Amino acid sequence: MPTREPARPHGRPAGRAHGRHGPARRPARRGLGDVLAGLGALVLLVALVGGVPYALLKYVGPPIDPEQFDVRTLLSQAGPSTITAVLVLLVWLAWFQLFVCVLVEVYAGVRRVGMPARVPMSGGTQALANKLVGAVLLLFTTGAMVAPIVKLAPAPAPPPMTAVAYSAPIVEKATLDTQQTKKVYVVQPPHGRHHESLWEIAEKCLGDGRRYHEIYRLNQAKEQPDGSRLRMADLIRPGWVLDMPDDARHTHTVPVGQPREQTLRDHPGRAEVPRSVEQRADRAEEKAEQKKDVERRAENRGGAKHRLPEQDRRLPEQERREQPVVREAQSGALMDYLAPASLAAAGLLFVLSRRRREQLWNRLPGRRTARPRGDAAEAEVALRLGADAPGARILDIGLRLLGAELAARHRTPPTVYAAHLSARTLDLWVHPPDPDPPAPWTAQDGGQVWRLPAHEGRLLEDQPGGAPYPGLVSIGANAGGRVLVDLEAAQGLINVRGPQTTAALAAIAVELATNRWSDRMRVTLVGFGEELTAIAPDRIRAVGGLAEVLPELEAAAAPREQVLTGRVTGSPREAHYLLSAVAPTHEEARRLALLARRDTAGYVVAGDIPHATWTLEITEDGKARIAELGFEVEAQLLPRRHYRALVELFRTAGRMEGEPIPEPEPLVGLHAPAVEIRLLGPVEVRGLRPLEEGRLALAAEMLVYLATHPGGVHPVVLGGVLWPRGVQDLVRDATIARVAEWLGPDHLLTDEAGRLRLGPEVRTDWMLFRELVRRARGDAMARSVLLEKALGLVRGPLLAGRPPGRYAWLAAEDLEYDVAAGVADAAHQLCELRLAQNRPDAAVAAVRQALLLAADDEGLWRDLLRATHATQDGVRLRAVVEGLTRRAASHPYGGALAPETEALIEELLPTWRIHVVRESSA
């Protein structure tokens with residue numbers, strides 16, 4: 001059957017290129033090699049097309065001899081002559097097939113249609129005709145010839161293959177003046193959330209989005225006006241000037257040799273395109289996006305009526321400008337994909353927290369760590385809402401325990417081809433069935449399923465053993481939980497296809513690169529995702545084609561049993577997974593298939609792959625299906641805008657220079673407020689009557705948000721903050737009314753625009769902290785006392801004990817960043833003052849108070865070391881060093897000390913490493 005081009009992905013993704021090579025551009029003048037090749041091809045073509053039938057007619061006869069194929073003769077005396085007649089007929093049929101292919105290729109080359117028609121059942125034959133005709137046509141031309149890549153139909157006997165069709169010859173400039181020009185397209189800047197893609201340009205200019213790879217081949221690796229080059233098919237930029245096939249419409253016509261910079265200056269705008277075409281495309285896409293957004297919001301709300309757009313029109317203009325992140329969250333733009341990816345979200349937050357710990361190593365006094373904004377902040381809000389850290393921990397520890405127990409029994413871990421993680425259990429589907437799993441795992445369904453109850457998994461301690469199944473990755477979720485498959489268990493190629501292929505591959509890549517149930521890993525992305533290397537540069541790399549990595553993969557292949565045994569016995573081999581958005585050529589597919597059968601790795605490849613073991617199909621309605629396993633789930637996807645937001649989030653976490661801390665608004669007085677909201681530790685609301693336990697958490701969060709937004713908040717925005725997945729208006733309004741009644745009429749006010757704000761007699765301990773620090777800067781005499789009072793307000797981590805899933809909005813606010821930096825800076829100032837006063841014990845007390853809240857600030861630990869050293873108590877200093885090294889070794893986000901901290905310890909306690917070794921040995 002003919003190979004199928006990938007369908008158009010939803011949401012205007014970029015096109016993907018097929019094959020490995022760039023556009024084959026012939027030299028402008030024929031060389032001797034070209035002439036000889038053309039003559040040889042001409043002779044061979046004449047011999048095949050004319051010589052074969054001539055020889056058959058002269059020496060054998062016509063294709064069908066009535067005497068040889070007489071029914072009575074065949075039934076009575078079939079002999080060598082009959083067999084000869086059948087063979088002659090087959091030769092005639094093969095010649096006729098070649099003849100048709102030659103006609104098709106000649107027509108395509110002469111008429112310059114770009115893509116030759118596909119001759120059914122003629123993959124190899126058409127490839128031969130393609131090369132011969134291309135060489136002959138080149139013999140009679142002097143212009144450059146561009147070779148678009150076409151996927152041809154496979155022949156029935158040999159395996160299907162992808163052929164390269166050189167089919168667009170350009171005639172000599174001397175004969176046709178029109179060939180002194182070429183067609184180009186100028187990539188336009190984004191319009192709102194819409195970015196142009198190769199697929200869309202091909203659809204608009206060539207009439208078929210599947211021809212995007214012709215544009216890719218014509219422009220691959222060519223320098224653009226901004227100095228960059230097209231290296232991956234899904235990455236094009238505004239202002240690029242793309243060469244187009246000669247049959248393209250809605251393009252600019254320019255001289256062949258004109259520099260791209262001049263083309264951009266002469267033609268900055270889009271070419272003339274009928275408005276009806278663009279309007280139809282825009283309306284269709286807008287309707288599709290709106291339909292999907294409404295459906296997702298309805299599902300998230302459990303059927304709640306969607307009224308946010310009407311209310312949003314009533315939102316004051318200033319509120320729209322001031323609350324962009326909240327309004328986007330209400331629309332579900334990033335929430336729909338990132339929050340449901342619970343395991344990937346947990347892994348991303350884990351890696352993000354590790355990066356932020358490194359930022360704190362480099363934080364300077366008076367500056368806070370850089371915080372995300374826009375889509376990046378919204379992405380973190382979604383991650384915090386959806387992250388399933390307990391589930392990820394059960395998966396990690398449960399699998400490591402399983403591997404360790406099997407290794408202790410000298411058993412090879414079984415093949416786990418899938419897993420299901422729910423709130424109650426972790427189930428592994430194993431092959432072959434085994435009724436004897438190690439405790440606390442139990443066997444179900446005759447040993448086909450190994451089960452770990454969630455309550456047992458939560459009691460497990462961290463395991464030192466290796467990770468036996470690093471290739472387990474989510475493909476989506478069903479009503480019961482998340483479904484994962486092990487990419488290694490396919491023991492062959494996994495073919496991914498459908499309209500959102502790249503989004504599915506990006507989601508797989510992100511979860512693989514950040515999961516906690518793996519050790520050493522490398523993920524190679526082919527033809528997409530170059531930006532994703534910012535998330536995990538030690539694990540992800542991106543290349544342009546399969547040819548760049550195939551030799552390396554073939555050299556490093558290792559058998560499955562050997563790899564699994566090494567993982568659980570302490571000698572693990574680096575896990576490797578290849579995700580390709582570029583369809584392989586026939587030869588690449590063959591090599592990949594052979595490699596996948598003998599290597600313990602995962603190979604997920606787009607396009608039509610005849611050798612695939614599993615096929616992961618992503619449907620139009622967002623389902624993921626693997627027919628071989630019987631799975632159909634809601635697909636886990638990461639569309640282009642979403643992974644760009646993640647990339648920006650991680651790039652922000654890599655900024656070490658920090659940001660200045662804004663000056664606070666002065667308080668009128670320091671008298672005790674009527675209502676105090678305490679943030680610097682466990683959440684408390686003082687000055688009000690007790691509220692029912694079930695309602696206190698939500699009411700307290702509402703007060704915290706209002707208290708940290710003194711300018712006021714519209715109820716619609718407040719509803720989006722407290723219920724980011726959506727809520728009915730009656731529920732939101734009833735909650736606000738209940739909190740207003742709890743506070744009293746003087747403490748919850750409404751302005752003319754409908755915004756809610758707290759009255760002047762409601763204050764937070766953070767507001768008082770900042771006022772005390774502000775006054776300390778202007779009063780040298782009382783500075784120590786004021787700083788001591790400020791630090792006395794700290795009771796623990798910011799909003800400690802907040803319920804899971806609450807306060808996700810903090811990711812888009814300054815509060816977390818300002819509080820951590822402000823408390824650490826105040827403690828540093830007080831420590832310096834106390835040391836200058838020769839009061840080292842008071843300096844130690846000040847730093848320890850701040851560490852209750854800002855425990856990851858390495859500057860505070862260095863202050864503690866200096867202050868403790870000043871006490872001249874060696875035993876006490878050694879205890880601090882040992883405690884600090886133990887904390888670093890067991891830190892959930894990384895087991896190292898900051899280099900500056902290590903250097904200070906070496907200076908203050910040169911023998912510290914000996915004591916640490918003794919402590920660890922004991």
Side-chain angles (χ1 to χ4, degrees), residues 346 349-363 369 389-390 392-394 396-397 400-401 404 458-467 516-517 519-520 538 570 681 791 794-798 800-801 820 823-824 827-828 831 840-841 843-922:
L349 287 180
F350 178 83
V351 177
L352 183 65
S353 299
R354 180 178 293 175
R355 297 280 183 87
R356 286 184 173 156
R357 183 174 180 234
E358 295 174 2
Q359 279 184 302
L360 285 171
W361 288 359
N362 299 275
R363 191 188 72 83
T369 56
R393 182 181 183 276
I394 290 174
D396 176 28
I397 296 177
R400 292 180 189 273
L401 173 64
R458 285 190 287 269
L459 297 175
L460 295 177
E461 297 181 354
D462 290 347
Q463 299 296 316
R516 298 184 61 179
W517 52 93
D519 296 322
R520 299 170 57 211
D538 56 330
L791 289 170
V794 175
R795 298 168 293 114
L798 177 69
V823 170
H828 176 72
C831 177
D841 288 329
V844 169
V847 176
R848 288 199 177 276
Q849 190 73 19
L851 284 171
L852 292 175
L853 186 143
D856 282 337
D857 194 302
E858 287 281 318
L860 284 177
W861 287 103
R862 291 191 286 270
D863 285 338
L864 181 61
L865 288 168
R866 294 188 190 97
T868 306
H869 181 262
T871 65
Q872 299 182 352
D873 187 340
V875 175
R876 192 174 176 185
L877 177 60
R878 189 175 299 112
V880 171
V881 171
E882 291 172 355
L884 179 54
T885 52
R886 279 198 303 270
R887 180 184 182 277
S890 61
H891 197 286
Y893 304 133
L897 290 170
E900 191 175 347
T901 305
E902 281 201 23
L904 180 60
I905 296 175
E906 292 281 2
E907 176 187 342
L908 301 180
L909 188 65
T911 60
W912 73 282
R913 294 188 186 275
I914 299 174
H915 293 290
V916 169
V917 171
R918 288 176 180 172
E919 179 72 17
S920 61
S921 301

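Note that the structure is predicted; figures quoted are calculated from it, not measured.
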* Counterpart residues, side chain to side chain contact (heavy atoms under 4.5 Å, CB included), relative to Pro840 (two or more places apart) -> Leu835, Asn838, Ala870, Thr871
* With sequence neighbours excluded, tell me which residues meet side-chain hydrogen bond (donor to acceptor under 3.5 Å, both in side chains) with Asp856. => Arg887, His891
* Qualifying residues under salt bridge (charged side-chain N to carboxylate O under 4.0 Å, His left out), relative to Arg355, sequence neighbours excluded -> none
* Among Leu909, Leu865, Val844, side-chain contact (heavy atoms from CB on, under 4.5 Å) partner for Val880 -> Leu865
* Structure fact -> Sorted by chain and number, sequence neighbours left out, side-chain hydrogen bond (donor to acceptor under 3.5 Å, both in side chains) with Arg458 holds for none
* Structure fact -> Applying salt bridge (charged side-chain N to carboxylate O under 4.0 Å, His left out) to Asp873 and not counting sequence neighbours gives none
* Residues in side-chain hydrogen bond (donor to acceptor under 3.5 Å, both in side chains) with Asn362, at least two apart? -> none
Residues 896-903, side-chain donor-acceptor partners within the protein, below 3.5 Å, at least two apart:
residue, atom, partner, partner atom, Å
Thr901, OG1, Glu858, OE1, 2.6
Thr901, OG1, Arg862, NH1, 3.0
Glu902, OE1, Arg913, NH2, 3.1

* To do: Could you tell me which residues satisfy salt bridge (charged side-chain N to carboxylate O under 4.0 Å, His left out) with Arg866, sequence neighbours excluded, listed by chain and number?
  => Asp863
* Any residue meeting side chain to side chain contact (heavy atoms under 4.5 Å, CB included) with Gln849, in chain and number order, not counting sequence neighbours -> Leu791, Val794, Leu852
* Asked: Charged N to carboxylate O below 4.0 Å: is that the case for Asp462 and Arg400?
  -> no
* Can you list the residues that meet the side chain to side chain contact (heavy atoms under 4.5 Å, CB included) rule with Ala392, with sequence neighbours excluded? -> Leu343, Ala346, Trp517
* To do: Applying salt bridge (charged side-chain N to carboxylate O under 4.0 Å, His left out), name anything that partners Glu907, two or more places apart in sequence or on another chain.
  => none
